[in-house]
Amino acid sequence: MARPDESVVHGSKAQAKDLPAVDRLLRAEAAAALVREHGHTLVASEARALLDGLRQRAVAGELPAAELQPAALQAALAARIEARLAPRLRRVLNLTGTVIHTNLGRALLADAALQHLLAMMAGPNNLEYDLAGGGRGDRDGVVEDLLCTLTGAEAATVVNNNAAAVLLTIAALARGREVIVSRGELVEIGGAFRMPDVMASAGATLVEVGTTNRTHPADYERAINERTALLMKVHTSNYAVQGFTSAVDEAGIARIAHAKGLPMATDLGSGALVDLAAYGLPHEPTPQEKIAAGCDVVSFSGDKLLGGPQAGLIVGTKEAVGRIRKFPMKRALRISKLPLAALEATLRLYLRPERLAHDLPTLRLLTRRPEAIRALAEGLQAAVAAAVMPRYEVSVVALLGQIGSGSLPVDRLPSAGLAIEPVHKKASGRALDELAAALRALPLPVIARIADDRLLLDLRGLEDAQPFVDQLPALRQALSI
Ligand SMILES: *Cc1c(COP(=O)(O)O)cnc(C)c1O
């Protein structure tokens, strides 16, 4: 007996010979319209890629004939082109509860920074041009004054990020010589930035002193010899050593260094330009405190608590910053005009500290009151519940968020949000993953976190709820409820 025809059983399958040639595909009116809009290069290359994919499936006997209908082919081509032109870098909603999230682009820029950035990039600017004298200027000049005013330092320079600032500081002040650091401060920050490796890259020899939990002034004093170039303190930004501990503070290390005619540098990591305690937040060391303590060099990030663009800020004495600025490696690590424009506008906001918690998004988000966030969660609960029922239940919960980016690792930010739980506890892990994936697949992806068998939406990061609410129908559709 003959086998039943496959196409009768499974629907008709196309064969490779049924595929149209690229030319024929492009001659159709719908494709011609795409060519008029996007040009021949992109449309032809996507048409070839489309046909290649279809051919492979046809050869494998897996291509439904319906996909070769002219209308289906044209729709597939249009979809490919749209996907090809869609940006890979996209805005998302950060509902993770971590305000300065390194994977989500760290600090949000202030309106003033966005506007200045756009205005400066729209045409030529005086990046390295002295408008008063009519000659060559220095890009450091854009922010040096501001940084000196805000930190009390004599001089300042800026590079691409704080990792670059640390590398450059060590290379400029200690290449070929020794740098003394406490064993309690040999930090690793994400992305393979480890203090011992940075030392090696900068061509300096790391001299470790003290122990993991205790380092004393005498440890530094004993380690100093004729090869010593620099004493350094690194802010342990992403962990805390607790219990039987002792460390020498910046003032103490600076005193020891200066007694031997050596400079002292500190890597603050985040560094806040205002005292966060004044806003009801945990205190984070400030560059101004460290300058006052006698540090010759203080470096910190532009896009952590400062709330600006990616940048590495170096402030300190004229002598030390001058050596850093003249060091050839500086040219390879220099800041681009884009973040520099945003940085200038961000720093300017600090000249009006009374307005800062309003004007600077990082501080605005960090100072949102838990009661206000809870009220927002209560307002959204019914709409979110309607989008995910009957598969999931939604409740308003108190949450603990964090500042993020290694700032203040042990402190938690009291917050609030929505917890979404699968109604059926069997296979709830899969149901949670499906929900998280559906949220990430929205046109404006929503990034949540999963903990204790619940998906948590921390609403501290949601200043304008409308874009979130507008997507709830799409979420319901994605979950095919
Ligand atoms: C974050 C951090 C850095 C790196 O700063 P980037 O601006 O991310 O390059 C260096 N040191 C410490 C202590 C940090 O916390």
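Atoms within a ligand are numbered from 1 in the order they appear, just like the ligands themselves.
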Is there any N or O on [X] that sits under 3.5 Å from an N or O of ligand 1?
X	answer
Ala163	yes
Lys304	yes
Ser405	no
Asn162	yes

_In this structure, does ligand 1 have an atom that sits under 4.0 Å from one of the heavy atoms of Val166?_
no

*Are Gln310 and ligand 1 in contact, using a heavy-atom cut-off of under 4.0 Å?*
no

*Using a heavy-atom cut-off of under 4.0 Å, does the side chain or the backbone of Arg106 touch ligand 1, or both, or neither?*
side chain

Ion pair [X]/[Y], N-O distance below 4.0 Å:
X	Y	value
Arg368	Glu463	no
Arg325	Glu144	yes
Glu250	Lys233	no
Glu421	Arg391	no
Asp140	Lys330	yes

